[in-house]
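Structure first, commentary second.
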Amino acid sequence: MTLKRRNASVGGLLVVPLGGSRYAGKTSRLSISALKLDYGGPASVAFNQEVGPSMTTALGEVVKFHSVRHDGALRDHRMELSFDDKYSPKDGPSAAVACALLLESLVTGVELDPGFSVTGDMNADGRYSPSVASSPSCAVPPEQASRSPPSH
């Protein structure tokens with residue numbers, strides 16, 4: 001199986017500290033580019049800028065999910081993810097759903113709506129959890145916080 005697209009982008013929602021215990025949301029375009037490896041081999045998917053360990057771990061879960069879902073379709077490619085906002089610190093698992101959508105777009109050829117932004121964590125089995133603020137007024141009940149993708 002070969003990739004049907006070589007690049008894609010989607011809006012990623014970032015949490016920006018304002019000082020004290022105040023935070024704001026900010027959208028930053030997250031893009032992926034796929035480069036074909038001449039020598040073949042396992043897929044490589046990574047951010048091309050510094051991100052924290054939680055974001056790196058979350059990306060690893062997304063890559064495992066897609067490796068199983070698409071039976072090795074990512075193989076023989078090096079994929080690089082990058083945020084338009086390259087200079088602010090980034091960490092946390094909430095970019096996982098955006099990364100999953102980008103990889104899905106490369107494999108299936110489905111074009112993502114350029115006005116769409118997303119945030120949320122995802123496990124290697126495809127379950128995802130929306131990212132929520134730590135404020136009690138924004139809390140999501142546990143029974144609503146975890147979802148499974150539709151089966152194909």
Side-chain angles (χ1 to χ4, degrees), residues 1-16 24-133 138 140-152:
M1 179 184 279
T2 61
L3 297 181
K4 296 191 175 154
R5 297 188 67 181
R6 296 295 177 152
N7 54 49
S9 64
V10 69
L13 298 172
L14 305 175
V15 175
V16 180
K26 173 183 172 182
T27 301
S28 181
R29 180 96 357 235
L30 179 60
S31 301
I32 190 167
S33 298
L35 307 166
K36 179 85 169 143
L37 300 173
D38 291 333
Y39 54 84
S44 166
V45 184
F47 288 96
N48 68 0
Q49 61 199 99
E50 189 174 331
V51 298
S54 293
M55 194 172 283
T56 301
T57 298
L59 177 60
E61 294 291 291
V62 168
V63 171
K64 285 185 240 177
F65 171 76
H66 279 286
S67 295
V68 171
R69 178 178 171 91
H70 296 293
D71 196 25
L74 304 178
R75 208 175 148 71
D76 303 329
H77 289 86
R78 184 179 89 213
M79 286 147 284
E80 294 182 357
L81 292 149
S82 63
F83 286 97
D84 280 355
D85 175 8
K86 295 187 182 311
Y87 304 107
S88 65
K90 293 168 194 64
D91 195 14
S94 65
V97 171
C99 294
L101 289 171
L102 291 171
L103 287 170
E104 189 72 12
S105 178
L106 296 183
V107 174
T108 65
V110 172
E111 189 168 338
L112 301 172
D113 182 337
F116 181 71
S117 294
V118 65
T119 186
D121 189 11
M122 185 173 147
N123 295 321
D125 64 2
R127 287 180 299 121
Y128 64 93
S129 299
S131 296
V132 295
C138 296
V140 174
E143 65 274 8
Q144 294 178 7
S146 183
R147 305 282 190 258
S148 295
S151 58
H152 294 308

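Owing to the predicted nature of the structure, the values given are computational and were not obtained by experimental measurement. Atoms considered below: every heavy atom in the structure, side chains included; atoms not considered: hydrogens, waters and symmetry mates.
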C99 pairs by side-chain contact (heavy atoms from CB on, under 4.5 Å) with which of V10, V118, I32, L30?
L30
Distance from S94 atom OG to M122 atom CE, nearest 0.5 Å?
14.0 Å
Is there a side-chain contact between L101 and F116, using heavy atoms and a 4.5 Å cut-off?
yes
For the student: nearest non-hydrogen atoms of L81 and L102, plus distance:
CD2-CD1, 3.7 Å
On a heavy-atom basis, which atom in P114 and which in R29 lie closest, and how many Å separate them?
O-NH2, 2.7 Å
Could you grab the distance from atom CE of M79 to atom CG of L37, nearest 0.5 Å is fine?
8.0 Å
Got more than 12 heavy atoms from elsewhere within 6.0 Å of CG, D113?
yes
Closest non-hydrogen atom pair, G11 against T27
CA-CG2, 4.1 Å
Taking all atoms of both residues into account, what is the closest heavy-atom pair of A100 and H66, and its distance?
O-NE2, 3.0 Å
List the atom of L106, the atom of A34, and the distance in Å for their closest heavy-atom pair.
CD1-CB, 4.1 Å
Just by modelled atom types, is the D125 backbone N or O under 3.5 Å from a matching donor or acceptor in the N123 side chain?
no
Side-chain heavy-atom pair L3, L74 within 4.5 angstrom cut-off
yes
Listing, residues 41-63 side-chain donor-acceptor contacts under 3.5 Å, not counting sequence neighbours, or none:
| unit_1 | atom_1 | unit_2 | atom_2 | d |
| --- | --- | --- | --- | --- |
| Q49 | OE1 | F83 | N | 2.7 |
| T56 | OG1 | G52 | O | 3.2 |
| T57 | OG1 | P53 | O | 3.0 |
| E61 | OE1 | A124 | N | 3.0 |
| E61 | OE2 | K64 | NZ | 2.9 |

Kindly check if the number of other-residue, nucleotide or ligand heavy atoms within 6.0 Å of NZ (K36) is above 12?
yes
For K26 and D85: C-alpha separation, side-chain torsions, deciding distance, then whether side chain to side chain contact (heavy atoms under 4.5 Å, CB included) applies.
CA-CA 10 Å; K26 173 183 172 182; D85 175 8; 2.8 Å; yes
What are the two closest heavy atoms between V110 and R5, and how far apart are they?
O-NH1, 3.5 Å
Answer yes or no: is there a side-chain heavy-atom contact under 4.5 Å between L14 and K90?
yes
